[in-house]
Amino acid sequence: MSDIKNKIAKRIAEEIADGDVVNLGIGIPTLVCDFIPEDVEVNIHSENGLVGLDREAKEGFEDKDIINASGRYATIKNTGSFFDSAMSFNIIRGGHLDMTVLGGLQVDEKGNIANWMIPNKLVPGMGGAMDLTVGAKKVICAIIHQTKKGKSKIKSECNLPLTAKGEVDLIVTELAVMEVKKEGLFLTEIAKETTLEEVIKKTEAKLIVSDNLKRF
Amino acid sequence: MSDIKNKIAKRIAEEIADGDVVNLGIGIPTLVCDFIPEDVEVNIHSENGLVGLDREAKEGFEDKDIINASGRYATIKNTGSFFDSAMSFNIIRGGHLDMTVLGGLQVDEKGNIANWMIPNKLVPGMGGAMDLTVGAKKVICAIIHQTKKGKSKIKSECNLPLTAKGEVDLIVTELAVMEVKKEGLFLTEIAKETTLEEVIKKTEAKLIVSDNLKRF
Amino acid sequence: MSKVIKVERLKDIFKDQIRIMIGGFLDCGTAETILDYLNTLDLKNLTVIVNDAGYNYKSKGKFLAQADIDKIITSHIGTNPDVGNKMTSNQIDIELIPQGTLAEQIRSKGAGLGGVLTPTGIGTRAAEGKKIIEVEGEKYILATPIGADIAVIKAWRSDQSGNLIYRYAAKNFNPIMAMAADTVIAEVEEVLDNGKIDNNNIMTSNIFVDYIVKSK
Amino acid sequence: MSKVIKVERLKDIFKDQIRIMIGGFLDCGTAETILDYLNTLDLKNLTVIVNDAGYNYKSKGKFLAQADIDKIITSHIGTNPDVGNKMTSNQIDIELIPQGTLAEQIRSKGAGLGGVLTPTGIGTRAAEGKKIIEVEGEKYILATPIGADIAVIKAWRSDQSGNLIYRYAAKNFNPIMAMAADTVIAEVEEVLDNGKIDNNNIMTSNIFVDYIVKSK
């Protein structure tokens, strides 16, 4: 399982350009950090009110007033800064983030994403996810291709309550990289460990296979 | 003339309670400061971005970054603070000022005030005046009773473009103190130097004379 | 005059059936001394506005899990299963709002605005029952002001007059809640004499703060 | 990487027909070195967004009086008779907006909002041509976002990465303009090495700032 998650995170890391301001959600997105090359400087925004987020704090070096959005003690780069929640979401909603990476329960070929509730079962709330998907210039959904029961999470249409409508730009799973375009979902890359047939079979959404299909 | 202005300012100073947060406009309102008793602590807000405004700076002690809303070098109390213009007008519009004192070109019996332009003649702009009149809990208009040509500035209805509609609570001139109420304009005080007849004669607005008319 | 009070004084300030805002993001920037004290009172039929439901075993999260609360307005309750259970069993009404919208709604109250137009949540459940306004072909949700009777906020340092400086990521919702409640109670780690606080870096002016409680 | 540039580099950044925002309240918090340099360029058909028109004999006010400007969006021009004359003789279009509304419109742009509802100006000329929206029986003006191609702002200190700290009342419109333009140029009095700035008190994060010019 952690291999799968790392594969997704590693591929997403390639999307980050030097100098980008990026917000990484909880779960797989957090792992993206570990795969960013040393020569790529990324400015990580955390919606609880900081930019320039660095690694988690070492034991014994925790500062009660520096946490990340998961509530874990963190550190900040020497060029980092802090702000209140209104400013934090001005940054998010105002288009000042180059990218956000979010997990998902479902995502679909229209770029819809559902990741904040399962009616009558799990209702944690949307937190900052709705703002992040609407506001960031590029929205990447980091998602495991299928549910534990073998159902595709890459749907023709999400049936869980949406986090955002038509905002996802790129979907990365352990099997495939898919771009959301007006014409539909473009399959641009498949994993080295899979076949085109397997990807199509495991994907509910209709895929438009790129002429230049790559491996990752 | 300065006698007249000081009389108005002195009377308005009596309206200020200990601890009040107050914004004083340019002109006569600025003079109000000089008449506040020592035991009344007033927190003066200046719309350019500070609260706790103190006297103007002495020559040789000016700080380029501490000015009042008239652009004059000022000083700040040791409990004062600074903020940006969005916050400054949050304070104004959000009802966090106990009082504002403004000058006027005209004011009327419905509590309308005009003080920002004379069409085709003087168009300085409204600056912060529209926000101040709408936002402050109590709006006092400090105004000389008549124009130089002997016309009443206390009108039945303003004919200059309005700064605010129905927002003035109290009008203080060198001749009279008038409260704006739903029923109309209540004359509650007249100057020691005048007579009721003179005030009525010099006032275009209809006055409801208080049963308990006082002198000031 | 000092605004510093003993935490026990709050017994006379908090009443049944009021609306309380509580600052903080998870544990960070939460007034733990005040919340611990509130957990000893027997308040009834409260409404609470808070970013998240925290953790059920301490301060804010314990209060949300155990106090007699009719309604919580929040962006996330996923960290507090007790609150989730109370919702599922209809013991409590939970209104979930996107975090950035919640921040703007609180700010709007303090800023005297009638609301803001946000693109966040268009096409999702967050738009249900909300007024939709179109500006230049784009749809926005009208997010109206949210205020409270009392705000319980946390800062780092204050002076006796109530000026506040926050520390690092402990700002979050505290500065905006400081503007949005009739009575504002700030818990601080350190109370300085007037004149000893760095007045260029005061984030919340003393005009907003009614009481100061020192952290235990 | 340092964002510090020589003021002469601005020749390549400013173009004809662009929208420029300029921070400052009268003289205070205005980027005088940059404005003095712009006064040597021959830019054409500009639109300028600025709190006030300043004084005609220096920096901002001189620029507004002498440059080839088609339109100024501002709250007050009363201090600059040259700008007033240009308006009267129809050489320039002046859009006057209440100061607090102007601040919110600039903030809205940076915050990704579709606008805010303000009570300021209802029943006055400021409401003419504006959309009026009623919320709970109260009328509000819909104030829509105002952005620019370039913002010219003034801060006190920066680090090489572009984090900004302002000084006293020189904040005014600078922090909100820093969020509302495609390119943000900050003039500062002092440039510190990364890590040397007090990062708890950074008011504008480096993510907003493109270039730093040191004051002469």
Side-chain angles (χ1 to χ4, degrees), chain A residues 26 46-51 53 63-76 80-95 110 112-114 116-117 119-135 158 160-167, chain C residues 23-29 32 51-55 74-81 84 87-88 94-104 106-108 110-111 118-128 154 156 166-179 189 203-204:
Chain A
I26 296 167
S46 188
E47 64 265 35
N48 55 308
L50 57 149
V51 73
L53 185 72
D63 183 314
K64 71 177 187 350
D65 293 331
I66 307 182
I67 64 165
N68 61 27
S70 311
R72 299 181 69 90
Y73 294 113
T75 61
I76 188 158
S81 58
F82 304 92
F83 28 77
D84 68 22
S85 298
M87 173 63 97
S88 187
F89 283 84
N90 290 350
I91 291 172
I92 292 171
R93 208 179 33 230
K110 295 189 184 81
N112 299 324
I113 179 170
W116 72 281
M117 75 172 287
N120 304 320
K121 199 169 160 193
L122 180 76
V123 192
M126 65 291 279
M130 288 190 179
D131 297 283
L132 283 161
T133 40
V134 165
C158 293
L160 289 173
L162 296 184
T163 304
K165 203 170 166 181
E167 296 287 353
Chain C
F25 188 106
L26 295 169
D27 264 1
C28 189
E32 299 199 7
N51 173 60
D52 60 82
Y55 307 114
T74 185
S75 81
H76 200 263
I77 60 167
T79 51
N80 194 327
M87 176 179 65
T88 313
I94 304 282
E95 184 178 346
L96 288 167
I97 298 179
Q99 199 167 130
T101 304
L102 182 62
E104 285 299 310
I106 294 167
R107 180 184 182 273
S108 281
T118 179
T120 300
I122 286 288
T124 76
R125 288 198 179 188
E128 283 174 17
K154 168 72 172 51
W156 178 32
Y166 304 88
R167 189 168 173 276
Y168 298 156
K171 297 179 175 73
N172 55 62
F173 278 74
N174 291 301
I176 48 176
M177 288 181 171
M179 302 192 290
E189 294 168 50
M203 195 160 175
T204 295

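Below, chains carry the letters A, B, ... as their sequence lines are ordered, and counting in each starts from 1.
A donor-acceptor pair shorter than 3.5 Å cannot be found between the side chains of Ser85(A) and Asn172(C).
With chain C as the partner, the residue from Met126(A), Met130(A), Glu167(A) showing the most heavy-atom pairs under 4.5 Å is Met126(A). Between chain C and the residues Val134(A), Ile67(A), Asp84(A), the largest count of heavy-atom pairs under 4.5 Å involves Asp84(A). Per-residue counts of heavy-atom pairs under 4.5 Å with chain C were compared for Thr163(A), Asn120(A), Asp63(A); the largest is that of Asp63(A). No other option in Leu26(C), Asp27(C), Thr124(C), Asn174(C) has as many heavy-atom pairs under 4.5 Å with chain A as Thr124(C). Contact tally against chain C (heavy-atom pairs below 4.5 Å) for Gly166(A), Gly135(A), Ala86(A), Gly49(A): the top residue is Ala86(A). With respect to chain A, the highest number of heavy-atom pairs below 4.5 Å among Gly100(C), Gly123(C), Pro119(C), Pro175(C) belongs to Gly100(C). Taking Gly125(A), Gly127(A), Ala114(A) one by one and counting their heavy-atom pairs under 4.5 Å with chain C, the maximum is reached by Gly127(A). Chain C forms the most heavy-atom pairs under 4.5 Å with one residue out of Asn48(A), Leu162(A), Leu50(A), and that residue is Asn48(A).
Residues Ile176(C) and Arg107(C) approach most closely at CG2-CB, 4.1 Å, considering heavy atoms.
Contacts of Thr79(C) with chain A are absent, with no heavy-atom separation under 4.5 Å from either backbone or side chain. For Tyr166(C), no part lies under 4.5 angstrom from a heavy atom of chain A. Only the side chain of Asn90(A) comes within less than 4.5 Å of a heavy atom of chain C; its backbone N, CA, C and O stay farther away. Both the backbone and the side chain of Pro98(C) come within contact range of chain A, with heavy atoms under 4.5 Å apart. Only the backbone of Ile97(C) has a heavy atom closer than 4.5 Å to any heavy atom of chain A. Looking at Ile122(C), only its backbone comes within 4.5 Å of chain A, counting heavy atoms on both sides. Heavy-atom distances place both the backbone and the side chain of Leu96(C) under 4.5 Å from chain A.
Taking 4.5 Å as the limit, some side-chain heavy atom of Phe82(A) sits within range of a side-chain heavy atom of Ile76(A). For the pair Asn68(A)/Leu53(A), a side-chain contact is recorded, criterion being any heavy-atom separation below 4.5 Å from C-beta on. Counting heavy atoms from C-beta on, the side chains of His76(C) and Phe25(C) never come closer than 4.5 Å. In this structure the side chain of Glu104(C) never reaches within 4.5 angstrom of the side chain of Thr118(C), judged on heavy atoms.
Rounding to the nearest 0.5 angstrom, the gap separating the OG1 atom in Thr133(A) from the CD1 atom in Ile113(A) is 7.0 Å. To the nearest 0.5 Å, atom CD1 of residue Ile91(A) and atom CD of residue Glu47(A) are 11.5 Å apart.
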*Test side-chain contact (heavy atoms from CB on, under 4.5 Å) on Lys171(C) and Met87(A) and set out the steps.*
CA-CA 11 Å; Lys171(C) 297 179 175 73; Met87(A) 173 63 97; over 6 Å; no

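The pair Arg167(C)-Glu189(C) fails the salt-bridge criterion, with no side-chain N (NZ, NE, NH1 or NH2) lying under 4.0 Å from an Asp/Glu carboxylate O.
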